[in-house]
Amino acid sequence: MIKITPEDALEYHRLGGKPGKISVMPTKPMESQRDLGLAYTPGVAVPVLEIEKDPENAYEYTSKGSLVAVVSNGTAILGLGDRGALASKPVMEGKGVLFKKFADVDVFDIEVNTHDPDELIRVVAAIAPTFGGINLEDIKAPECFYIEETLKAMLDIPVFHDDQHGTAIISGAALINALELVGKEIDKVKITISGAGASAISCAELMIRLGVTRSNVTLVDTRGVVYKGRREGMNQYKERLAVETEARTLADAVRGADVFYGLSVADILTPAMVKTMAERPLIFAMANPDPEIKYELAKEARPDAIVATGRSDYPNQINNVLGFPFIFRGALDVRARAINEEMKVAAARALAALTREDVPDSVLRAYGLESLSFGEDYIIPKPLDPRVMLWESPAVAQAAMETGVARKRVDIDEYRQQLAFRQGLGEQVRYFIINKARNLPSKKRIAFAEGEEPKIIRAASQVADEGIGLPILIGRRQVIQEQIRLLGHDCHAQIIDPAQFDRIEAYAREFYELRQRKGVVLADASKIVRDPNVFGPMMVRMGDADAFVSGLTYDYPEVIRPALQIHHTQPGTRRAAGVYIMIVGSRVYLFTDATVNIDPSPEDLAEITCLSANFAREIGLEPRVALLSFSNFGSTPHPLSAKVKRAVEIIRSRCPDFPVDGEMQADTAVVPEIIDERYPFSQVRDANVLVFPSLEAANIAYKLLARLGNAQAIGPILLGVGAPIHVLQTGAEVRDIVNIAALAAIDAGNRSPG
């Protein structure tokens, strides 16, 4: 468990001379007198009048549609109890940070200094017009039930008490998956819940909606089992869950139970009790930070158990951050009037389904894991999985539309893409590439040299599942099939083993014809074509594949050399080149050539530039090209700067259909003000295609920017080869492999439109 001292916590909250964790940022320009007039008086009067005419216009002209109030009176702060409204503010700010970080939802935290439920209701109702939704937080039971129910009846925006419903939704997803793993039917299992507060009651009601039989749920509070006829410590919410039973203690209730839900206090469940549970029990000990039974003790007592806790240092963390940001995101984006039970169930089922998918390398890296797949130690997604929003929010929005609480209808596929765009410009570029590959008239066959590698198999699964192309894995069939089994994938890829390939001799003869005057004899050709980096390009040449991808475990020359030997360069092109898509904040650049040409001549630079400009258009970027040097337009005469200047002259004669200029320094190329002030004659302002004078310069620049500038790099993308051959970076992540495969498919489609 991560150790955090009191000093650490206090220093974090006052860090940087600006106490707290949240601030307000403008979303519109405020740079001129005109901007000020539009933002405030007189311009602001126009939307005022429009909203008066139709209150729905508030969603069009204000932040209402992406703004949530996090409201508390501080009567049940975490595990600290009633500490007052003001003391709850750090928690409410923290909630706001999570809303923003995970789902791009803005928050005002509202701490209300009252213990009177009706007064709290009046305050929230009075401020509700400001917000698209209300998140109630850290309000003690049973008042929280009354407050939420009353506000839901009064207001036409979502009201959601996360302490109740968040844990219910996340644990519900875990329950669906864990029951499948142990082979038990949800309507047959017996469940014991330790605790009878807001979260416990909500968990019980949601699991019943998921299919659990009500009479099979036994609630246990501080006075024992909640049974029919009990009078002490009862309320209307517990009464709904009272059952006919002889059990009176937690030990009685746990005996023979299939599932234990802990929503109470530390160490209340003993190893002896666990031993009395049914075969292959589920133990969800969710008290935080100390669970009802320690993970190690539960596994020691019942090695056959699936165990989940609320802690991040054990498998299967049931964490509310998997719920509330994405549930509100989906509700807000369809302008929902409520978050109803169907939306909660949809959220739980979406999370359960996501757990079955391949886990991205970024998630593995964040948690220091080599691998992770659906199973006893992974029944719920990890909180830092960026795909959660793309699965859960659309499911919630869909349920809202289907149940009639949505004011606005959205196309779910388009909505999912919009959500991806919220995750940054990198996602927009990636979606453009993936969608372009998907929408080709025919699916392209993409051969992967390293078909036995787990990353390649995972990427091939995604290529097939997402409709990007038809993957072909090159390698030994038995090895690949065993890897697929170990990964737990249903990989729909063709497998081709060169050693068993029935056309290998035809490949050898063709390769011999190509290379017979380069020292290759027929006997050698038969051996050489079995090399995956020769076999793959030969597949493309012989019409058995449309594109080829390699490089995960090979050095760059090992891939590109045979590709050029077999396919040469494109007609009319003397050189191949490599380009990287660099995403820096809200900007997209192309960097070239960072991979192929070590010391390009002026003619080489011209070819590299024309190839890169054409590629820019293929990905929807209108090229503005700058050729870089240490000199600005002749300021430092030198053979190296003269080389770049000469390249610009050649480019203008060969490729006159895009703006190009140089030689210029890097800052001159990307800072428009420098051009405006010093070089207004330049044909390029604010360049987006940066051509470096040498491979050395380009390679250093892209790697420094990626590492120190937190830029995203997509590539390398190979240009100018006579066939769709593309090279991976050594050790590339699955996501990067999928990107390159999509680019390879697009390349194949451009060469053969059919």
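Only heavy atoms go into these numbers, but all of them, side chains included; no hydrogens, no water, no symmetry mates.
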Chemist: Can a donor-acceptor pair be found, under 3.5 Å and without considering hydrogens, that links the side chain of Arg458 to the backbone of Val359?
Modeler: yes
Chemist: Is there a side-chain contact between Trp391 and Glu357, using heavy atoms and a 4.5 Å cut-off?
Modeler: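 Side chain of Trp391 against side chain of Glu357, heavy atoms only: contact under 4.5 Å found.
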Chemist: Would you call Asp106 and Lys100 a salt bridge, using N to O less than 4.0 angstrom?
Modeler: yes
Chemist: Give the C-alpha distance, both sets of side-chain angles, the deciding distance and a yes or no for side-chain contact (heavy atoms from CB on, under 4.5 Å) between Leu322 and Gln317.
Modeler: CA-CA 10 Å; Leu322 283 167; Gln317 182 190 17; over 6 Å; no
Chemist: Determine whether a donor-acceptor pair (N or O, by modelled atom type, separation under 3.5 Å) exists between the side chain of Asp747 and the backbone of Leu743.
Modeler: no
Chemist: Under the side chain to side chain donor-acceptor pair (under 3.5 Å) criterion, do Glu402 and Gln398 qualify, and how do the steps go?
Modeler: CA-CA 6 Å; Glu402 289 174 353; Gln398 183 74 52; 3.2 Å; yes
Chemist: Quick one: list whatever passes salt bridge (charged side-chain N to carboxylate O under 4.0 Å, His left out) with Lys101, sequence neighbours left out.
Modeler: none
Chemist: Can you sort out the partners of Phe615 under ring pair (Phe, Tyr, Trp, His ring centres under 6.0 Å), two or more places apart, ordered by chain and number?
Modeler: none
Chemist: Nearest 0.5 angstrom please: Asp333 CG to Ser66 OG, how far?
Modeler: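 Interatomic distance, Asp333 CG to Ser66 OG, rounded to 0.5 Å: 7.0 Å.
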Chemist: Nearest 0.5 Å, please: how far is CZ in Arg349 from CG in Leu210?
Modeler: 5.5 Å
Chemist: Start with the C-alpha gap between Ile127 and Phe108, add the side-chain angles, then the distance that decides, and say whether side-chain contact (heavy atoms from CB on, under 4.5 Å) holds.
Modeler: CA-CA 11 Å; Ile127 64 173; Phe108 288 161; over 6 Å; no
Chemist: Would you say Asn177's side chain and Ala352's backbone share a donor-acceptor pair under 3.5 angstrom?
Modeler: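 A pair under 3.5 Å: yes.
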Chemist: For a quick test of reading the model, state the closest non-hydrogen atom pair linking Ile51 to Asn57 and the distance between them.
Modeler: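 Looking at all heavy atoms of both residues, the closest pair is CG1-C, 3.9 Å.
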Chemist: Determine the minimum heavy-atom distance between Ser371 and Leu364, stating which atoms define it.
Modeler: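 Looking at all heavy atoms of both residues, the closest pair is C-CD2, 3.8 Å.
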Chemist: Test Ile318 against Thr309 for side-chain contact (heavy atoms from CB on, under 4.5 Å), laying out the working first.
Modeler: CA-CA 6 Å; Ile318 294 175; Thr309 71; over 6 Å; no
Chemist: Is any side-chain heavy atom of Glu466 closer than 4.5 Å to one of Ile434?
Modeler: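 Answer yes - side chains close enough.
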Chemist: Locate the shortest heavy-atom distance separating Pro325 from Val321; write the atom from each residue and the value.
Modeler: CD-O, 3.4 Å
Chemist: Side chain to side chain donor-acceptor pair (under 3.5 Å) for Arg587 and Asn688? Distances and angles first, verdict last.
Modeler: CA-CA 8 Å; Arg587 302 295 308 279; Asn688 55 16; over 6 Å; no
Chemist: Verify side chain to side chain donor-acceptor pair (under 3.5 Å) between Ser312 and Asn319, making sure each step is shown before the conclusion.
Modeler: CA-CA 8 Å; Ser312 60; Asn319 189 326; over 6 Å; no
Chemist: Fit a plane to each ring of Phe284 and Tyr261, take the angle between them on a 0 to 90° scale, and name the class: parallel (under 30°), tilted (30 to 60°) or perpendicular (over 60°).
Modeler: tilted
Chemist: Give every donor-acceptor pair under 3.5 Å between a side-chain atom in residues 151-161 and any protein atom, sequence neighbours left out.
Modeler:
unit_1, atom_1, unit_2, atom_2, d
Asp156, OD2, Arg407, NH2, 2.9
His161, ND1, Gln164, NE2, 2.9
His161, NE2, Asp163, OD2, 3.2

Chemist: Decide yes or no on salt bridge (charged side-chain N to carboxylate O under 4.0 Å, His left out) for Glu205 and Arg209, but give the supporting numbers first.
Modeler: CA-CA 6 Å; Glu205 294 293 353; Arg209 279 195 165 268; over 6 Å; no
Chemist: Between Ser202 (side chain only) and Ala198 (backbone N and O only), is there a donor and an acceptor less than 3.5 Å apart?
Modeler: no
Chemist: Is the side chain of Lys344 donor-acceptor paired with the backbone N or O of Ile169 at a distance under 3.5 Å, no angle test?
Modeler: no
Chemist: Hey, is the main chain of Glu137 close enough, under 3.5 Å, to the side chain of Ser72 for a donor-acceptor pair?
Modeler: yes
Chemist: Determine the sole option in Phe591, Tyr589, Tyr580 for which the ring pair (Phe, Tyr, Trp, His ring centres under 6.0 Å) test with Tyr702 is passed.
Modeler: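 Only match with Tyr702 under ring pair (Phe, Tyr, Trp, His ring centres under 6.0 Å): Tyr580.
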Chemist: Short question: side chain of Lys64, backbone of Phe131 - any donor-acceptor pair under 3.5 Å?
Modeler: yes
Chemist: Answer whether the closest heavy-atom distance between the side chains of Val549 and Ile446 falls below 4.5 Å.
Modeler: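 Yes, close enough: below the 4.5 Å cut-off.
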Chemist: Of all heavy-atom pairs between Ala168 and Ser171, which one has the smallest distance, and what is that distance?
Modeler: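 Taking every non-hydrogen atom into account, O-OG, 3.3 Å.
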Chemist: For the side chain of Asp546 and the backbone of Lys444, is there at least one donor-acceptor N/O pair under 3.5 Å apart?
Modeler: no
Chemist: Decide side-chain contact (heavy atoms from CB on, under 4.5 Å) for Val738 and Arg430; before the verdict, give the C-alpha distance in whole Å, the side-chain angles of both, and the deciding distance to 0.1 Å.
Modeler: CA-CA 10 Å; Val738 173; Arg430 184 172 187 272; 3.8 Å; yes
Chemist: Please report the interatomic distance CD(Glu622) to CZ(Arg617), rounded to the nearest 0.5 Å.
Modeler: 4.5 Å
Chemist: Check the pair His165 / Glu148 against side chain to side chain donor-acceptor pair (under 3.5 Å), numbers first and verdict last.
Modeler: CA-CA 11 Å; His165 310 299; Glu148 186 191 42; 2.7 Å; yes
Chemist: Considering residues at least two apart in sequence or located in another chain, which fulfil the ring pair (Phe, Tyr, Trp, His ring centres under 6.0 Å) criterion with Phe448?
Modeler: none
Chemist: According to ring pair (Phe, Tyr, Trp, His ring centres under 6.0 Å), who are the partners of Phe145, at least two apart in sequence or on a separate chain?
Modeler: Tyr237
Chemist: May I ask you to test the Arg416-Ile412 pair for a side-chain heavy-atom distance under 4.5 Å?
Modeler: yes
Chemist: What pair of heavy atoms forms the shortest contact from Val363 to Leu384, and how long is it?
Modeler: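 Of all heavy-atom pairs spanning Val363 and Leu384, the closest is CG2-O, 4.2 Å.
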Chemist: Looking only at atom types and distance, does a side-chain atom of Lys436 sit under 3.5 Å from a main-chain N or O of Glu618, one as donor and one as acceptor?
Modeler: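 The answer is yes, because a donor-acceptor pair under 3.5 Å joins these two groups.
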Chemist: Could you walk me through whether Asp35 and Lys28 pass the salt bridge (charged side-chain N to carboxylate O under 4.0 Å, His left out) test, one step at a time?
Modeler: CA-CA 8 Å; Asp35 292 340; Lys28 301 295 184 292; over 6 Å; no
Chemist: Is a side-chain N or O of Asn316 found less than 3.5 angstrom from the main chain of Tyr378, in a donor-acceptor match?
Modeler: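 Yes.
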Chemist: To the nearest 0.5 Å, tell me how far Leu136 CG sits from Cys144 SG.
Modeler: 9.0 Å
Chemist: What distance separates Tyr367 OH from Asp385 CG, expressed to the nearest 0.5 Å?
Modeler: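 Between Tyr367 OH and Asp385 CG, I get 8.5 Å after rounding to 0.5 Å.
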Chemist: Quick one: which residue pairs count as a salt bridge (charged side-chain N to carboxylate O under 4.0 Å, His left out) with a foot in residues 366-377, not counting sequence neighbours?
Modeler: Arg280-Glu376
Chemist: Given salt bridge (charged side-chain N to carboxylate O under 4.0 Å, His left out), test Glu56 with Lys408 step by step and report yes or no.
Modeler: CA-CA 10 Å; Glu56 289 298 300; Lys408 176 183 175 184; over 6 Å; no
Chemist: What heavy-atom pair brings Ala174 and Ile380 nearest, and what distance separates the two atoms?
Modeler: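 The pair with the smallest heavy-atom distance is N-CD1, 3.9 Å.
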Chemist: How about Tyr40: does its OH atom have over 12 heavy atoms from other parts shown lying under 6.0 Å from it?
Modeler: no
